[in-house]
Asks: 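Quick one: the structure is below, and I'll ask about it shortly.
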Amino acid sequence: GITRNPSLEIQPRLPVWIRWVDGEPKIFAGGIAIVPFNTALRHRARHDGATRKSLAAYARAGALYAAYCAHQDIGLLDVSNDEFSSFVDGLLGVEFRNARGEFVHLDGHRRSRASADLYLTLLHSLTGDVAHLYDVSFDWRRYRRVVGSSEGLTAVTRAHLLTGLGQRVHRIRHTQRKVVGLPDQEFEKMLRRSVEVWGEYLAPGDRRFALEPERQRGALLHRNIAILLCMRYASARRSEIASIKIDHMDRAGHHLELETKGHRKGNIEYLPVVMYPEVAQQLWTYFTDYRPVISTVSDREYLFLSHGVRDYGRPITDSVIREIFDRLRPALGPRWSKQATPHTLRHACAYQLQGRVSPDVIMAQMRHRTTRSLDPYRASALAFADQLLPAFSNSVRELMVRVGLGG
């Protein structure tokens with residue numbers, strides 16, 4: 001028979017915990033590292049660009065599954081499809097019988113149905129990485145047949161293309177919370193506040209390192225406005241901002257390439273979105289007039305750089321986006337000063353497109369993944385530039401004039 005990797009044969013033992021080592025989560029059970037899960041987590045951290053928050057969520061899902069296996073005295077691969085339902089019960093806070101017939105429950109607070117289903121989603125993804133890296137399969141990891149596939153999803157599973165292409169057999173039905181987009185009047189408040197906070201500000205790094213410091217006054221305004229516009233009008237996620245490189249911006253072709261999550265397994269994929277002229281102008285203004293001049297080749301290719309003293313000229317991190325929002329939230333209305341996040345800008349982008357362009361155009365511009373991903377001729381947002389550019393370019397231009405950033 002086929003010999004499996006020894007690390008997959010280990011039966012987890014209680015207690016199960018997570019420890020962070022060199023910025024990566026490690027799952028331990030009974031003092032022994034759960035190598036398959038830890039390897040998959042490391043792969044996500046180093047090759048898929050996962051954030052610390054997402055890694056923590058994946059690790060938590062893996063730890064809950066390892067704890068269930070420990071209760072049942074079985075290995076990670078030995079949970080059958082029929083047995084998996086008791087793990088689902090455990091996620092919902094329901095007691096289940098362990099290997100000795102005793103009623104036990106999984107650690108943690110009682111979870112909502114939405115939260116439990118999220119852990120199932122994360123576990124499917126994490127075990128998909130394990131299946132791919134170790135060439136194994138989990139009996140319970142099953143998907144319903146995709147329309148047009150005579151063989152179900154078996155072949156697709158082994159090709160590691162499951163995400164977004166089929167529906168999981170094990171799901172916890174729940175009412176999804178409606179996504180909300182930041183209203184235009186609140187976004188305008190953010191831009192106005194940006195002008196107040198950074199319009200005449202000279203960043204400490206520019207003061208110390210720039211050849212002509214006074215010419216850098218207002219540099220943070222132009223950088224941060226460009227970041228906000230990328231999220232609001234180019235559908236960029238917070239995690240995608242830092243990875244934007246100079247050659248990803250094509251002013252003449254009206255497009256911007258963004259590193260896109262969920263579309264890559266091992267290799268990073270950049271998908272183009274249509275870039276409105278006003279957004280392109282802000283990016284170009286920052287790049288040509290205010291971006292730090294540096295000599296480091298590895299950092300030179302990134303568009304958005306730090307203006308701080310310690311990391312002057314280095315690519316920004318996710319924390320910069322959080323700091324921008326923390327500074328601007330107090331200017332928003334009572335509701336939005338608490339609820340506004342980078343993702344509410346992305347939702348607002350999708351909201352404004354509805355009713356103006358077709359669903360296919362929205363899917364392309366937002367870079368959503370659907371069963372159309374199976375189509376080798378999947379259209380990119382560039383195919384719909386003639387619909388996207390006139391959709392609300394005028395409204396963007398008028399907004400920039402109102403806040404004092406347009407001529």
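The structure displayed is predicted, hence computed values, not measured ones.
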Asks: Side chains of residues 316-325: which donor-acceptor partners sit under 3.5 Å, not counting sequence neighbours?
Replies:
{"unit_1": "T317", "atom_1": "OG1", "unit_2": "S319", "atom_2": "OG", "d": "2.7"}

Asks: Hydrogens and angles aside, do R367 and Q365 bring a side-chain donor and acceptor to less than 3.5 Å of each other?
Replies: no
Asks: Side chains of R44 and S125: do they bring a donor and an acceptor to under 3.5 Å?
Replies: yes
Asks: Indicate yes or no for a side-chain donor-acceptor contact from Q282 to the backbone of V279 under 3.5 Å, with no hydrogens or angles considered.
Replies: no
Asks: Quick check: closest heavy atoms across I32 and I10, and the distance to 0.1 Å?
Replies: CG2-CD1, 4.4 Å
Asks: Taking D117 for its side chain and I172 for its backbone only, find out whether a donor-acceptor pair lies under 3.5 Å.
Replies: yes
Asks: Please give me the minimum heavy-atom distance between G23 and L55, naming the atom from each residue.
Replies: O-CD1, 4.5 Å
Asks: Please tabulate, for the side chains in residues 209-231, all donor-acceptor contacts under 3.5 angstrom to protein atoms that are two or more places apart in sequence or on a different chain.
Replies:
{"unit_1": "E214", "atom_1": "OE1", "unit_2": "R217", "atom_2": "NE", "d": "2.9"}
{"unit_1": "E214", "atom_1": "OE1", "unit_2": "R217", "atom_2": "NH2", "d": "3.3"}
{"unit_1": "E214", "atom_1": "OE2", "unit_2": "R217", "atom_2": "NH2", "d": "2.7"}
{"unit_1": "Q216", "atom_1": "NE2", "unit_2": "D206", "atom_2": "OD1", "d": "3.3"}
{"unit_1": "Q216", "atom_1": "NE2", "unit_2": "Y290", "atom_2": "O", "d": "2.7"}
{"unit_1": "R217", "atom_1": "NH1", "unit_2": "E200", "atom_2": "O", "d": "2.8"}
{"unit_1": "R223", "atom_1": "NH1", "unit_2": "L305", "atom_2": "O", "d": "3.1"}
{"unit_1": "N224", "atom_1": "ND2", "unit_2": "L220", "atom_2": "O", "d": "3.3"}

Asks: Evaluate side chain to side chain donor-acceptor pair (under 3.5 Å) for R397 paired with Q281, printing each intermediate quantity in order.
Replies: CA-CA 11 Å; R397 189 178 305 113; Q281 183 57 48; over 6 Å; no
Asks: Do Y68 and V79 have side chains that get closer than 4.5 Å, going by heavy atoms?
Replies: yes
Asks: For I34 versus A29, what's the shortest heavy-atom pair and its separation?
Replies: CD1-CB, 3.6 Å
Asks: Quick one: list whatever passes salt bridge (Lys or Arg N to Asp or Glu O under 4.0 Å) with R329, sequence neighbours left out.
Replies: D326
Asks: Could you tell me whether a side-chain N or O of R111 sits under 3.5 Å from a main-chain N or O of L91, the two making a donor and an acceptor?
Replies: yes
Asks: Please determine if E24 and R42 form a salt bridge, counting it only when a charged side-chain N lies under 4.0 Å from a carboxylate O.
Replies: no
Asks: Taking atom CZ of R208 as the centre, report whether more than 12 heavy atoms of other residues, nucleotides or ligands fall under 6.0 Å from it.
Replies: no
Asks: Under 3.5 Å, is there a donor-acceptor pair between the side chain of T288 and the main chain of W284?
Replies: yes
Asks: Would you say S243 and Y302 are linked by a side-chain donor-acceptor pair, where the criterion is simply a distance under 3.5 Å?
Replies: no
Asks: Given the side-chain rings of F96 and H105, with only the six-membered ring counted for Trp, is the space between their centroids under 6.0 Å?
Replies: no
Asks: Whether the side chain of E301 engages the backbone of I246 through a donor-acceptor N/O pair (distance < 3.5 Å, no angle test) should be reported.
Replies: no
Asks: Would you say that more than 12 heavy atoms from the other residues, nucleotides or ligands in this model lie under 6.0 Å from the CZ of R251, or not?
Replies: yes
Asks: Going by atom types alone, do S86 and E83 pair a side-chain donor with an acceptor below 3.5 Å?
Replies: no
Asks: Do the ring centers of F84 and F87 come within less than 6.0 Å of each other?
Replies: yes
Asks: Centre-to-centre under 6.0 Å for F138 and H124, is that the case here?
Replies: no
Asks: Could you give the distance from CG (D184) to OH (Y351), rounded to the nearest 0.5 Å?
Replies: 13.0 Å
Asks: Locate the shortest heavy-atom distance separating G313 from P292; write the atom from each residue and the value.
Replies: CA-CB, 4.2 Å
Asks: Looking at every non-hydrogen atom in both residues, tell me the closest pair between C69 and G75 and how far apart they are.
Replies: SG-O, 3.8 Å
Asks: In Å and rounded to the nearest 0.5 Å, what is the CZ to CZ distance from R193 to R327?
Replies: 6.5 Å
Asks: Nearest 0.5 Å please: distance from the CD atom of Q339 over to the CD atom of E186.
Replies: 10.5 Å
Asks: Using atom types as modelled and distance alone, determine if a side-chain donor or acceptor of N38 lies under 3.5 Å from a backbone N or O of I27.
Replies: yes
Asks: Of all the heavy-atom pairs spanning P36 and Y134, show the shortest one and how long it is.
Replies: CA-OH, 3.5 Å
Asks: Quick check, are the ring centers of Y65 and W140 under 6.0 angstrom apart?
Replies: yes
